[in-house]
Number of protein chains: 2
Amino acid sequence: MSTIYEIAKQVGVSTATVSRALNNKGYVKEELKHRIWAKAEELDYVPNALAKSLVNKLTQIITLIIPDISNPFFALVARGVEDTAYNYGYSLLMCNTDGSKVKEKKYVAVARERQADGIIFIGSIMSKNYLEELAQNKIPIVVADRYVDGLNVDKVLNDNLKGAKEAVRHLVRLGHQAIATIRGPQTTQTGLDRYIGYEKAMKESLLEPRQDWVREGDFKESTGYYETKQLLELREPPTAIFAANDLMAIGALSAIEEAGLRVPHDIAIVGYDDIPLASKVRPRLTTVAQLKYELGQQAAETLIWRLNNPEQYKRPETLVLQPRLVIRESSLVGSVIDEK
Amino acid sequence: MSTIYEIAKQVGVSTATVSRALNNKGYVKEELKHRIWAKAEELDYVPNALAKSLVNKLTQIITLIIPDISNPFFALVARGVEDTAYNYGYSLLMCNTDGSKVKEKKYVAVARERQADGIIFIGSIMSKNYLEELAQNKIPIVVADRYVDGLNVDKVLNDNLKGAKEAVRHLVRLGHQAIATIRGPQTTQTGLDRYIGYEKAMKESLLEPRQDWVREGDFKESTGYYETKQLLELREPPTAIFAANDLMAIGALSAIEEAGLRVPHDIAIVGYDDIPLASKVRPRLTTVAQLKYELGQQAAETLIWRLNNPEQYKRPETLVLQPRLVIRESSLVGSVIDEK
DNA sequence: TTGAAAGCGGTACCAG
DNA sequence: CTGGTACCGCTTTCAA
């Protein structure tokens, strides 16, 4: 592995000059510059980023901490982050936590040891204090896709409340009044927001959500199936169901089919997330699409911007991405509408 | 950011002693050790991995170069790599190339500049010379999921030939004789191997594959659909189709359904890959499952092993993972068999 | 324009 | 057991 020193020796100049020539920085006589470049080429010189970083205090490394890259949602986010990072000359350190706080903390430590310039964090440690302390004193961080009340840290979010509202309004526009929901765990911010969105949309349409139309889910397909069965057995079953995610919506589809009813003729279904499967099932699922790639992209942009503007930190950035309703067959009789 | 020097000063010892204490290496009086540890804690000392690496010549970084993390196949591979890396104390640098040779080369350069200890490579630059030169003189590399004839580099592969054979043999066992295939592009090793597997299995069963039962595909669903239509219009349509991947198999499913025929009663279908969708479509798809997570895991294990045994490089490792036939409804009338 | 030299944060060898 | 010090590869004053 040849070094700047080796080049200096062979060309007969100092390392200082070689450094300047190689980085095209400061004064070096044109002719000498070319000789240095040629020698670097000849020796297959590869600059040592570690040594550079040690003096610059900058590694151009971003650490991405996510629950699980094999989840398509995070994979797309990651792709958005990486593409953006790459465009700005940053490299990405990937960390999968499975939502374990222990691993999250370990990876934060790794990021700090490796002198990463910053962290993009999608985690479960959502203590306001921990995150603010990190951002202010340890390492720049942008929180993505996770809402924490009053959190004073750069963040990029999806507007789940808005998305849920859109979904329900869509059903209302189709004439539905008896709209049930299979909500997510109310211990998660996502579950909570989507439920509040449902409630608000109902109220604004002067529809009182009946208690037995609000079912407790856990984001799993089997639960969507089971809860829908329950809904169908009610004396007054709903004519539409808003499920807090696509998997539960797909479970609902099976339950309805099994009961000999038809979607959307007898019951309309709307999901959330727009996972790949949503456009594959029959009937195709109407759902709320999140900007996943863009989430990653914006998180990276925000972080990199922050790295160049650390001084303005008093006012952290908050970016809220708007979801998009994708109308397909599960809510619309007849024609297939799919903007995808 | 406190340093070893800061600790040394405050405790009143030399940096050498602090270093030894912190790494629990060499002799340091117990009591002193504890004082040093306490001070490190107090100062929120974080070791600088860059400085360490600069002297050790080891970064404990693995660079993963893949086409696209948002493709579920690679996402699982990546997860396997990361988990293993993590267990051994390595960090993962993630690089998405989209199969672009230019990006592949750029990322190899990045890996070298950042002094990554090694590379796990799933790429399209498959020149034997390039890879061997890299592995021998520049940076340890293990090639994953890509076959190159006679390549003298550590590698981990999926046995596509074997998988395709299994698929066809399975159809033969069910009594099929008229077995068509929609193969992948014969310019890709994967497409080639799976086709050869088909051919071999046919020949070993003394079935001559008729030329019009061999269709040219490109791994896309729409192509599977289209080519199946063609197959159905033959004077002697096949009674079974082996598609070189699941997407094409799913396209085939639609075409058959549309033609008013039933799977598997009229025509049996077998795919390849076992993508998540395979178990969701109706009828559920019989397919050949690849060990994706394990592929990543083994690639990482191999690389890390190699880093500790560079001297034995004359004989590179080759690991071939065995695919597994997952029998579902699309090939089996009646009972639902799904080992998943 | 160029070079000498001081560091960046640690490690490790050699003395003591 | 502990300290002095050279060095890892590169950047950046400061002088010349």
> Expressed in angstrom and rounded to an integer, what is the separation of Gln115(B) atom CD from dC8(D) atom P?
Replying inline: 14 Å
> Can you tell me how far CD1 of Ile120(B) sits from CD1 of Ile304(B), rounded to the nearest 0.5 angstrom?
Replying inline: 7.5 Å
>> For the residue pair Lys155(A) and Phe121(A), would you count it as a cation-pi contact if the rule is NZ or CZ under 6.0 angstrom from the ring centre and within 45 degrees of the ring axis?
In response: no
> Counting any heavy atom closer than 4.0 Å, what does Leu32(A) reach on the DNA or RNA strands: base, sugar-phosphate only, or nothing?
Replying inline: sugar-phosphate
>> Distance check needed: dA15(C) P versus Tyr27(B) OH, whole Å only.
In response: 18 Å
> Rounded to whole angstrom units, what separation is found between the NZ atom of Lys57(A) and the P atom of dC10(D)?
Replying inline: 18 Å
> Of all the choices, dC1(D), dG3(D), dG9(C), which nucleotide is nearest to the side chain of Asn48(B) once you look at every atom?
Replying inline: dG9(C)
> Between Ser14(A) and Pro47(B), which is nearer to the 5' end of DNA chain C once each is assigned its nearest nucleotide?
Replying inline: Ser14(A)
>> Could you tell me how far apart Leu54(B) (CG) and dT11(D) (P) are, to the nearest whole angstrom?
In response: 12 Å
> Between atom OH in Tyr5(A) and atom P in dA5(C), what is the gap in whole Å?
Replying inline: 13 Å
>> Is Thr3(B) close enough to dG9(C) that one of its side-chain N or O atoms is under 4.0 Å from OP1 or OP2 there?
In response: no
> Starting at CZ of Arg35(A) and ending at P of dT1(C), how long is that distance when rounded to a whole Å?
Replying inline: 15 Å
>> So, applying side-chain contact (heavy atoms from CB on, under 4.5 Å) with Glu82(A), which one of Asp68(B), Asn96(B), Ile69(B) is it?
In response: Asn96(B)
>> For a 4.5 angstrom cut-off between non-hydrogen side-chain atoms, does Lys292(A) reach Phe74(A)?
In response: no
> Within 45° of the six-membered ring axis of Tyr27(B) and under 6.0 Å from that ring's centre, is NZ or CZ of Lys33(B) located there?
Replying inline: no
> Between dC10(D) atom P and Arg114(B) atom CZ, what is the distance in whole Å?
Replying inline: 15 Å
>> Do Asp117(B) and Lys57(B) have side chains that approach each other closer than 4.5 Å (heavy atoms only, starting at C-beta)?
In response: no
> Rounded to whole angstrom units, what separation is found between the NZ atom of Lys33(B) and the P atom of dC1(D)?
Replying inline: 9 Å
>> Is the shortest side-chain heavy-atom distance between Asp44(B) and Ser2(B) below 4.5 Å?
In response: no
Taking only nitrogen or oxygen atoms into account, show me every contact under 3.5 Å that the protein makes with nucleotides 11-14 of chain C, one pair per line with its distance.
| from | atom 1 | to | atom 2 | distance (Å) |
| --- | --- | --- | --- | --- |
| dT11(C) | OP1 | Asn23(B) | ND2 | 3.2 |
| dT11(C) | OP2 | Ser19(B) | OG | 2.5 |
| dT11(C) | OP2 | Asn23(B) | ND2 | 3.3 |
| dA12(C) | OP2 | Lys25(B) | NZ | 3.3 |

